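As the structure is a computational prediction, the values presented were derived from the model and not from experiment. Here, residue 1 is the first one in the sequence, and each next residue gets the next number.
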Amino acid sequence: MVKKAIKKGLIFFTIVMLIIIVINPIFVEKNSQRGKLIDGLYKDTKDNYDVVLMGSSHMNGGVDPNVLWHEYGITSYNYATGGQPIDVTYYLLKEVLKKHKNPIVVVDLYYLGLTDEYGDEGYIRNDLDNMKFSLNKLEAIENCVPLKSRMSYIFPILEYHDRWQELTKEDFNYDSSKVYYEKGFEAGENRYGKDKSISTPTTETADIPSRTKEYLNKIIDLSKKDGFKLVFVNMPCDDKKSDGDLGNWVKDPQKMFNKVAQIAKSNNIPFINYNTDDKMKSINLDFKNDMNNYGHLNIWGANKVSDDLGEFLKDNYKLADHRGDSKYAEWDIDYEHSQVASISK
């Protein structure tokens with residue numbers, strides 16, 4: 001009798017769990033961040049990407065895979081999402097590496113400056129709610145969100161159940177193809193119109209917050225364990241304005257990135273700091289016209305950074321130029337439909 005009751009209970013529990021698993025994706029909010037993870041991770045991408053781009057909104061609108069393709073024949077995908085803290089970057093990278101073996105991994109390190117224990121929940125959900133259920137996802141939830149919120153990341157319907165009144169056809173049949181041509185890239189088309197705040201260059205260093213440093217080291221250790229190449233970048237932004245707006249940020253990002261440069265050098269990892277006067281001058285970046293706002297590049301600025309990064313990758317790694325190979329013919333079509341191609345016409 002007891003065995004029969006236990007068996008019925010297990011069957012009932014399994015049915016309920018299957019129902020929840022099916023309806024979870026329906027209730028999750030649909031946005032471009034969801035689309036890029038579905039399109040770039042869980043659809044059939046056929047071949048490994050040469051390069052994967054990781055990080056926050058600074059990378060999201062900073063490096064355009066279509067420029068890397070058009071100018072250098074490099075295949076890549078931009079997995080960066082707005083407000084992505086570096087602990088989430090680490091677990092998302094592990095998810096990416098399930099699909100793409102030994103790519104060159106370019107990581108934007110802007111969010112090393114976060115001093116809070118956890119990132120903003122809204123931003124984190126863009127990634128974790130859209131990752132497939134796996135041990136890696138469970139580890140990400142355990143380490144990247146507060147204890148009180150973890151169950152709602154395992155079962156997103158607990159967070160989004162109120163959306164039932166606003167569900168549309170898109171919620172039941174979400175189409176990620178709208179982000180396909182951009183390969184995960186999103187940049188604005190505004191002109192900031194202001195110069196960068198004047199700062200005095202310094203060689204002094206400052207500590208990286210302990211939690212973000214821990215995950216920086218985890219990414220470095222993962223690259224050594226799995227054998228992929230790492231490149232670190234820091235995108236142009238106005239640190240002075242950031243200091244004034246963000247109380248949960250390091251007070252002197254310039255000194256922190258000097259520390260990053262030391263760590264990168266000691267681990268033989270290239271670090272390209274695009275947020276220095278010398279580097280911006282070398283790529284002809286005009287802060288007034290090439291920034292979308294004080295913290296993010298626009299499409300024209302991203303074009304310049306992408307071109308410079310592509311040249312660096314081509315010069316320093318044995319990357320084949322896939323242009324002209326019929327196997328990659330669709331990449332030319334994708335470029336013609338892309339944002340950077342449309343503004344060039």
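Residues passing the side chain to side chain donor-acceptor pair (under 3.5 Å) test with N143, sequence neighbours excluded: Y91. Every ring-ring contact (aromatic ring centres under 6.0 Å, His included) that Y90 has, sequence neighbours left out, goes to Y215. Annotation: side chain to side chain donor-acceptor pair (under 3.5 Å) contacts of S338 (sequence neighbours excluded): none. The salt bridge (charged side-chain N to carboxylate O under 4.0 Å, His left out) test applied to D307 returns no partner, not counting sequence neighbours. In terms of the salt bridge (charged side-chain N to carboxylate O under 4.0 Å, His left out) criterion, D315 has no residue partners (sequence neighbours excluded). Residues passing the salt bridge (charged side-chain N to carboxylate O under 4.0 Å, His left out) test with K304, sequence neighbours excluded: D290. Every residue meeting the ring-ring contact (aromatic ring centres under 6.0 Å, His included) condition with H58, not counting sequence neighbours, appears here in chain and number order: Y110, H296. Applying the salt bridge (charged side-chain N to carboxylate O under 4.0 Å, His left out) rule to E139 yields the partners K94; only residues at least two apart in sequence or on another chain are considered.
Side-chain contact annotation: N275 with K196, donor-acceptor N/O pair under 3.5 Å present. When only modelled atom types and interatomic distance are considered, S56 and Q84 share no side-chain donor-acceptor pair under 3.5 Å. In this model, no donor atom of one side chain and acceptor atom of the other lie less than 3.5 Å apart for N190 and N298.
Here salt bridge (Lys or Arg N to Asp or Glu O under 4.0 Å) pairs that include residues 278-287, with residues two or more places apart or in two chains, are K279-D308. For residues 105-119, the set of pairs meeting the salt bridge (Lys or Arg N to Asp or Glu O under 4.0 Å) definition, not counting sequence neighbours, is empty. Note on residues 209-234: pairs passing salt bridge (Lys or Arg N to Asp or Glu O under 4.0 Å), not counting sequence neighbours, are D87-R211.
Below 30°, between 30° and 60°, or above 60°: for Y317 and F312 the angle between ring planes is above 60°, a perpendicular geometry. Between H100 and Y79, the ring-plane angle classifies as tilted under the 30° and 60° cut-offs.
Note on K314 versus E311: no salt bridge recorded, every NZ/NE/NH1/NH2 to OD/OE distance being 4.0 Å or above.
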(Q) Is there a side chain to side chain donor-acceptor pair (under 3.5 Å) between T81 and D127? Walk through the geometry before answering. (A) CA-CA 8 Å; T81 56; D127 295 299; 2.9 Å; yes
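With hydrogens and angles disregarded, a donor-acceptor distance shorter than 3.5 Å links the side chain of S306 to the backbone of A302.
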Using distance only, find each side-chain donor-acceptor pair of residues 254-262 under 3.5 Å and give its atom names and separation, not counting sequence neighbours.
{"from": "Q254", "atom 1": "OE1", "to": "T202", "atom 2": "N", "distance (Å)": "3.1"}
{"from": "K255", "atom 1": "NZ", "to": "E204", "atom 2": "OE1", "distance (Å)": "3.1"}
{"from": "N258", "atom 1": "ND2", "to": "T202", "atom 2": "O", "distance (Å)": "2.9"}
{"from": "N258", "atom 1": "ND2", "to": "E204", "atom 2": "O", "distance (Å)": "2.7"}

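Hydrophobic clustering, with ILVMFWY side chains joined whenever heavy atoms are under 4.5 angstrom apart, groups L92 together with F133.
Between Y181 and Y335 there is no side-chain heavy-atom pair separated by less than 4.5 Å.
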